[in-house]
S.K.: 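Starting off with a structure, shown below.
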Protein chains: 2
Amino acid sequence: MQITSKFTIAVHILACIEYFHDQETVTSSFLAGSVGANPVVVRNVMGDLKNAGMIRISQGKSGITLARPLSEITLYDVYDAMDCVSEAGLFHFHENPNASCPVGRNIHKTMDSRLESVQKAMEEELKHITLAEIAEDTRKEILGEAK
Amino acid sequence: MQITSKFTIAVHILACIEYFHDQETVTSSFLAGSVGANPVVVRNVMGDLKNAGMIRISQGKSGITLARPLSEITLYDVYDAMDCVSEAGLFHFHENPNASCPVGRNIHKTMDSRLESVQKAMEEELKHITLAEIAEDTRKEILGEAK
DNA sequence: TATCTTGTAATAATTCTTCTTACAAGATTA
DNA sequence: TAATCTTGTAAGAAGAATTATTACAAGATA
C-alpha cells in the first residue's frame, strides 16, 4: 500500500515551476516532460494545486506560476490538496466485524481514536517540511553536479 | 489509499484470543466468525502473528494462545508483522522522472530523507500503543454495555 | 482410526490506481 | 479576427493490488 504518486508529482511540479520560472514558459507539457508522465495527469494535479491556491494558471507567455512563495507551502498542504488519504482514514478497517460477538462489536470503537492519533502524527510531520527546503536542496544538488 | 485491513484484523484477533482464552477453544473458524472474514484470511494473519512470536497455534483443546502478554505487543509489532508498507516506503514515488531535466534527476534524492522521516513519525506513534490498552478498553466497553 | 484444524496453493472477484485518447472551450498573439 | 496553443474534463482502457474463496494435503487430537 502506498500513498498516491500524485503527491510526489505535485511536489516535483512545484519545484519545477520555481526552478524554471525565469527561463521558460512553464506549461503542462513542459512539466509532463520533466515528470515523465502524461500531460493529463499533470493537468489534473495542476487543477488541484490551483484549487488549493498554490499556483496560478495562464495560457499566455507567463505560463504556470506560483501563487504564493514555497516557504509558505508545506508538504501537508500538498498532501491535503491531493486527497492522499480517504475520508475513512489511513487504516483500512475490516468491513464486517460480527456484532453478536462482544469483541467484534466494540473493537472498532476501541481502535479508532488511536489510529487517528497515528495518522495525525504523520500529518504533523508533513507540516514541518516546506517546499522551499526541498526546492533549495534541489538547487544545491544541481549546482553540485557541475563539479 | 489505505493500509491493509490485515492490520486491524490482526489486532481484532489478538483481542479475541485474550478475551476468550478461558471460555472457548479459539480456532481460526471461531476467529473468522468474530472478524467477519473468510477463515483463510484469518489463518494467513495467524501465520504472520506466529512467525512474529506473538501467538502459539495448537490444533488441540488449547487452541490458539498468546505467546507473550499483550502489554509486550505494540501496534508497531503488528504493523511490522503484517508488512503493511512495502519496501519502497509509504509514499509512492512517480516512476519516470526525466533524467535530462535537472529537477527531474534530483527531486527524488531531495525528497527521500524527508518522506522517510514522515513515515518514521507514524511508526513511532504506533510503538507507543500497546495491545493491552486496546484489549482493556474493549473489555471496559463490553462491561459498559451491561447497563 | 475418525475427526478436526491448520497451512498453502491456485484462482477469482473486486476495487484502486494510473495511463491514454479525444475533444470542447478559453486564451493568446500575430 | 483567425490561427494556434493550452487547459479542463469526460470516458474508457490497462494494469496493479487487495481481498475473498475453493480445494486439499498434512498434522494433531481424542
Side-chain angles (χ1 to χ4, degrees), chain A residues 1-10 12-13 17 24-33 35-52 55-65 67 82-98, chain B residues 1-10 12-13 17 24-33 35-52 55-65 67 82-98:
Chain A
M1 141 357 263
Q2 290 191 295
I3 286 174
T4 176
S5 58
K6 280 177 68 183
F7 174 74
T8 56
I9 290 174
H12 185 153
I13 285 175
I17 297 171
E24 310 261 353
T25 296
V26 178
T27 66
S28 66
S29 296
F30 175 81
L31 291 170
V35 169
N38 191 288
V40 173
V41 330
V42 171
R43 282 182 220 143
N44 284 326
V45 170
M46 277 163 48
D48 293 339
L49 292 175
K50 187 179 81 175
N51 289 338
I55 64 175
R56 262 189 285 267
I57 296 175
S58 147
Q59 295 187 355
K61 204 176 55 176
S62 62
I64 299 158
T65 53
M82 296 302 132
D83 261 330
C84 289
V85 166
S86 72
E87 201 59 23
L90 179 60
F91 294 88
H92 184 187
F93 209 96
H94 52 292
E95 323 270 343
N96 310 303
N98 186 344
Chain B
M1 111 40 235
Q2 290 191 294
I3 286 174
T4 176
S5 57
K6 281 177 68 183
F7 174 73
T8 57
I9 290 174
H12 185 153
I13 285 176
I17 297 170
E24 310 261 355
T25 295
V26 178
T27 67
S28 65
S29 296
F30 175 80
L31 291 171
V35 169
N38 193 288
V40 174
V41 329
V42 171
R43 281 182 221 145
N44 284 326
V45 170
M46 278 163 47
D48 293 337
L49 291 175
K50 187 179 82 174
N51 289 338
I55 64 175
R56 264 189 284 268
I57 297 176
S58 148
Q59 296 187 354
K61 205 176 55 175
S62 61
I64 299 157
T65 53
M82 295 302 133
D83 260 331
C84 289
V85 166
S86 71
E87 200 61 23
L90 179 60
F91 294 88
H92 182 187
F93 209 96
H94 52 293
E95 323 269 344
N96 310 302
N98 186 344

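In what follows, chains carry the letters A, B, and so on, assigned in the order in which the sequence lines appear, proteins first and then strands, with residues in each chain numbered from 1.
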S.K.: State, with a plain yes or no, whether a side-chain heavy atom of A:Lys6 is found less than 4.5 Å away from one of A:Val41.
M.R.: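 When only atoms from C-beta onward are counted, A:Val41 and A:Lys6 do not touch, as no gap falls below 4.5 Å.
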S.K.: Is there a side-chain contact between B:Thr8 and A:His92, using heavy atoms and a 4.5 Å cut-off?
M.R.: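 Side-chain contact under 4.5 Å: no.
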S.K.: A:Ile9 has an atom CD1; how far is it from atom C1' of C:dT17, in whole Å?
M.R.: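 My rounded result for the distance is 11 Å.
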S.K.: Counting side-chain heavy atoms from C-beta on, which of C:dT6, C:dT20, D:dT7 comes nearest to A:Ser28?
M.R.: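 Of the options given, the side chain of A:Ser28 lies nearest D:dT7.
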S.K.: Of the options C:dC19, C:dT28, C:dT17, whose atoms approach the side-chain atoms of A:Asn38 most closely?
M.R.: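 Of the options given, the side chain of A:Asn38 lies nearest C:dC19.
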S.K.: Of all the choices, C:dT17, D:dT7, D:dA10, which nucleotide is nearest to the side chain of A:Val40 once you look at every atom?
M.R.: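 Selected nucleotide (nearest to the side chain): D:dA10.
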S.K.: Base, sugar-phosphate or nothing for B:Ile3? Non-hydrogen atoms, less than 4.0 Å.
M.R.: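 B:Ile3: no heavy atom of the nucleic acid under 4.0 Å.
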S.K.: Atom NE2 of A:His94 and atom P of C:dT14: how far apart are they, to the nearest Å?
M.R.: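 Going from A:His94 (NE2) to C:dT14 (P), I get 21 Å.
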S.K.: Less than 4.5 Å apart, side chain to side chain, heavy atoms only: is that true for B:Gln2 and A:Val85?
M.R.: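 When only atoms from C-beta onward are counted, A:Val85 and B:Gln2 do not touch, as no gap falls below 4.5 Å.
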S.K.: Relative to the 5' end of DNA chain D, which residue comes earlier, A:Met1 or A:Met46, by the nucleotide with the nearest heavy atom?
M.R.: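 Its nearest nucleotide lies further toward 5', so the answer is A:Met46.
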S.K.: Do B:Met1 and A:Thr4 have side chains that get closer than 4.5 Å, going by heavy atoms?
M.R.: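 Not touching, per the 4.5 Å side-chain cut-off.
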S.K.: When you check the phosphate oxygens OP1 and OP2 of C:dT18, does a side-chain N or O of A:Ser5 lie under 4.0 Å from one of them?
M.R.: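 Answer is yes, contact under 4.0 Å.
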S.K.: Write down the distance between CG (A:Asn44) and P (C:dT21), rounded to a whole number of angstrom.
M.R.: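 Value for this atom pair: 15 Å.
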S.K.: So does A:Lys50 get a side-chain nitrogen or oxygen closer than 4.0 Å to the phosphate oxygens (OP1/OP2) of D:dG8?
M.R.: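 Yes, such a contact exists.
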S.K.: Once you round it to whole Å, what is the distance between C1' of D:dC5 and CD1 of A:Ile64?
M.R.: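 Taking CD1 of A:Ile64 and C1' of D:dC5, I get 13 Å after rounding.
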S.K.: Phosphate oxygens OP1/OP2 of C:dT18: is one of them under 4.0 Å from a side-chain N or O of B:His92?
M.R.: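 Looking at the OP1 and OP2 atoms of C:dT18, one of them is under 4.0 Å from a side-chain N or O of B:His92.
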S.K.: Among D:dT7, C:dG7, D:dT19, which is the nearest nucleotide to the side chain of B:Arg43?
M.R.: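 Selected nucleotide: C:dG7.
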S.K.: For C:dT18 and A:Thr4 - does any side-chain N or O of the residue sit under 4.0 Å from the phosphate oxygens OP1/OP2?
M.R.: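 Checking A:Thr4 against C:dT18: at least one side-chain N or O falls below 4.0 Å of OP1 or OP2.
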S.K.: Looking at D:dC5, I'd like to know if its phosphate oxygens (OP1 or OP2) sit under 4.0 Å from a side-chain N or O belonging to A:Thr27.
M.R.: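 No, A:Thr27 has no side-chain N/O under 4.0 Å of OP1/OP2 on D:dC5.
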S.K.: Is the closest side-chain heavy-atom distance between A:Thr27 and A:Gln59 below 4.5 Å?
M.R.: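 No. Closest side-chain heavy atoms not under 4.5 Å.
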S.K.: Between A:Ser62 and A:Gly36, just flag the one whose closest nucleotide in DNA chain C comes earlier from the 5' side.
M.R.: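 Looking at DNA chain C, the more 5' nearest nucleotide goes with A:Gly36.
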S.K.: C:dT5 C1' sits how many Å from B:Ile55 CD1, rounded?
M.R.: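 It works out to 14 Å between those atoms.
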S.K.: With a 4.0 Å cut-off on heavy atoms, is B:Lys61 in touch with a base, just the backbone sugar-phosphate, or nothing at all?
M.R.: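 It contacts sugar-phosphate atoms only.
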S.K.: When we call it a touch if two heavy atoms are under 4.0 Å apart, what does B:Gly60 touch: a base, just sugar-phosphate, or nothing?
M.R.: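 Sugar-phosphate only.
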S.K.: Taking the side chain as C-beta and beyond, is there a heavy-atom pair between B:Ile9 and A:His94 under 4.5 Å?
M.R.: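 In contact.
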S.K.: Specify the separation, in whole Å, of atom CZ of B:Phe7 and atom C1' of D:dT19.
M.R.: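 Taking atom C1' of D:dT19 as the reference, CZ of B:Phe7 is at 18 Å.
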S.K.: Atom CD1 of B:Ile13 and atom P of C:dT6: how far apart are they, to the nearest Å?
M.R.: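 Atom CD1 in B:Ile13 sits about 11 Å away from atom P in C:dT6.
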S.K.: Could you tell me how far apart A:Asp48 (CG) and C:dT18 (P) are, to the nearest whole angstrom?
M.R.: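 Result: 13 Å.
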S.K.: From the list C:dA27, D:dA28, D:dT22, which nucleotide is the closest neighbour of the side chain of B:Gln59?
M.R.: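 Looking only at heavy atoms from C-beta outward on B:Gln59, the closest nucleotide is D:dA28.
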